[in-house]
Number of protein chains: 2
Amino acid sequence: MAVTIKDIAKYAGVSVTTVSRALNGYPDVSEETRERIKKIAEQLNYTPNSIARGLVTNKTHTVGLVVSELIKPGAYHPFFLEVLAGIKAGLRKDKYDLILFTVDPESQDATSYEKLCNDRKVEGAIVEGLRLSDPYIKEIEKTQIPTVLIDIPILTDKVGYVSSDNVQAAFEATSYLIKLGHRNIGFINGHGDAAVSFERLEGYKKALEKNNIPYKEEYVVFNDFTQEGGYNSFKTLVFEHPKITAVFHASDLMAIGSFKAAKDLGMKVPDDISIVGFDDIELASLITPGLTTIRQDTFKMGYNAAKHLLSIIKGEKPQHILIPHKLVIRDSARKI
Amino acid sequence: MAVTIKDIAKYAGVSVTTVSRALNGYPDVSEETRERIKKIAEQLNYTPNSIARGLVTNKTHTVGLVVSELIKPGAYHPFFLEVLAGIKAGLRKDKYDLILFTVDPESQDATSYEKLCNDRKVEGAIVEGLRLSDPYIKEIEKTQIPTVLIDIPILTDKVGYVSSDNVQAAFEATSYLIKLGHRNIGFINGHGDAAVSFERLEGYKKALEKNNIPYKEEYVVFNDFTQEGGYNSFKTLVFEHPKITAVFHASDLMAIGSFKAAKDLGMKVPDDISIVGFDDIELASLITPGLTTIRQDTFKMGYNAAKHLLSIIKGEKPQHILIPHKLVIRDSARKI
DNA sequence: CTGAAAGCGCTTACAG
DNA sequence: CTGAAAGCGCTTACAG
């Protein structure tokens, strides 16, 4: 039913070999023949069968996007969309298509990462939202499938990653609070199953150290990046350590949870407590007071992830790609 | 390099025919042979080549998701993620994979809908976020590719759609305001390029009519579903018609824009003006005052879209599938 | 219950 | 510059 190169060959009075070569831009076809074939192909409304081509070339021109916990309101949720848009943009020029896989810990046990990719013959994959304890992590450490991770530091022969400079970003956010005069700075961090949590903690410590402020372990709490997490952590943190005048958060969602908790406790932001977030999600500029936070360029993260994956597929060496961030100052932190 | 049924056949001492049949569960293979072949396949870590299979069966077990304007902060942005999660859930059981296409008006001119789908041999597609003026709309009206639209009413031989009952939902929202005592109710509607805008307008009118409140055209403004849109529309609407005591919005984003505009104008919500939104995005419950709005079950929209697409692919008749909505009462509208 | 053979639509050495 | 032929990994009548 669909028209094939065989049909074209018949109409043109040439062999399928010649049709194939003409359409694929090989040099060893006379211009005249090529033009004739092209015209016929167009008239017949021919579209090449990518499946058939894929079978012989063993290339599918497809990459996978492996996402964990797509709609759980966790760490990656708020900017998944922008990362995705970036990925699509990065794939566009090379005309790679994207096939979406969603996984959770159980599905990872059921189907290995290699199998997931091989079943669909993707040439490589971008992986996002995995926890360090997820089964795929170990697999990816030794896979030969070109892979780019987002926010998970694994670097091998075939695996690279993109991320913000989380250490530096947390350093800047904390330093900013110190510059405003704060000395007792709490840190509501993400969960311990995310690489970024450790990096941000390092940045936080670095800033304290540089300013000769002793690090107090009890000022740091771990939670799950969500609004509820922030809400709960804030309440206990502030209750147990009334000297705290500012709280840095590993996500905007948690910072917003703290807004709510502060309100419930009768505290005003930033008058009674200064708050700084991380991510710069859309909401950050919409709430009152505007949330001071670290902006991650999530579109660029996706874009670079895609570009880098394509280069790994082409045989280039995987890298760690740093995406610039920026401290966005709004009204939720004040000088004391 | 990868192991094929040929390899298995050799090891098992049978023909590839038998291997194929054994692995695919055909009945005409002796149990003993089947078990032996299965075991060998497992030992060899065999995964079938879906490409090769696709070539002969002409089935790819893949559907497309065609999305327009992925990250433009427009109408669909806020709940794209949940729809997507619903789609993935709906596809899971039948093991269909999803390939993501993003389009804009230009790309639609460059590549027809049919070509987009045929190039990748998807068996059908879910389409989301298109404007009524988009080129694909006309194409989809006469396509033979199984298609399910979200929020766009096209029903043909091969095309169905899912949506909320927008007329009824707008009717309920408006009726609620009327019940609270409001008589001068503004309506900040979406743009005229969305089918839902007309449906919601109809519901708004119906509620007025039922309560013998004359419909005033000047109380209705169209904008683009975004926060800025709401902001601007609110300012002019309230300025030109000071008698208005309540405003219904075709999106939460616009309602939130109105929150901001009201604040700028020195008006308090709900004391000076009652506000009702549409969608129930996450933000609606996070802002102060909580936004009274219509909740759309976006996960279900995606889930049903996927299920329905699969049924159309199997030859069943396309339908219009209605997804239940719900008026969520919070604090942004008050009795007068 | 099993196998030989054709064929899905393409690409690519190889030969001329 | 062009074509005949093999082959990618599978499925499926057909025959036995």
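Numbers restart at 1 for each chain; the letters A, B, ... are given by sequence-line order, proteins then strands.
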[X] and [Y]: side chain donor to acceptor below 3.5 Å:
| X | Y | value |
| --- | --- | --- |
| A/Ser133 | A/Asp193 | yes |
| A/Thr62 | B/Arg120 | yes |
| A/Glu114 | A/Thr143 | yes |
| A/Ser30 | A/Thr33 | yes |
| A/Ser50 | A/His61 | no |
| B/Asn58 | B/Arg53 | no |

Atom-to-atom span, [atom1] of [X] to [atom2] of [N] - whole angstrom:
| X | N | atom1 | atom2 | value |
| --- | --- | --- | --- | --- |
| A/Asn118 | D/dG9 | CG | C1' | 15 Å |
| A/Ile5 | C/dT11 | CD1 | C1' | 8 Å |
| B/Ile8 | D/dC10 | CD1 | C1' | 12 Å |
| A/Asp7 | C/dC8 | CG | P | 11 Å |
| A/His61 | C/dC10 | NE2 | P | 16 Å |
| B/Asn24 | D/dT11 | CG | P | 5 Å |
| A/Lys59 | C/dT12 | NZ | P | 11 Å |
| A/Asn58 | C/dT12 | CG | P | 12 Å |

| Would B/Lys314 and B/Asp94 pass as an ion pair if we require N to O under 4.0 Å? | yes

| message | Between B/Arg34 and B/Glu31 (salt bridge meaning N to carboxylate O under 4.0 Å), is one present in this structure? | response | yes

Contact under 4.0 Å: [X] side-chain N or O vs [N] OP1/OP2:
| X | N | answer |
| --- | --- | --- |
| B/Thr33 | C/dT2 | yes |
| A/Ser30 | D/dT2 | yes |
| B/Tyr26 | D/dT12 | yes |

| message | Please list, in numerical order, the residues of residues 10-22 of chain B that have a heavy atom closer than 4.0 Å to any atom of DNA chain D. | response | B/Thr17, B/Ser20, B/Arg21

| query | Contacts to DNA chain D from residues 37-52 of chain B, heavy-atom cutoff under 4.0 Å, which residues? | reply | B/Tyr46, B/Pro48, B/Asn49, B/Ala52

| query | How about B/Lys88: does its NZ atom have over 12 heavy atoms from other parts shown lying under 6.0 Å from it? | reply | yes

| task | Look at the side chain of A/Ser164 and the backbone N and O of A/Gln296, then say whether any donor-acceptor pair between them is shorter than 3.5 Å. | result | no

| field | Nucleotide-level pairing of DNA chain D, given in dot-bracket where Watson-Crick and G-U pairs need both distances under 3.5 Å and | marks other strands | value | |||.||||||||.|||

| query | Looking at B/Tyr136, B/Tyr113, B/Tyr161, which hits side-chain hydrogen bond (donor to acceptor under 3.5 Å, both in side chains) with B/Thr147? | reply | B/Tyr113

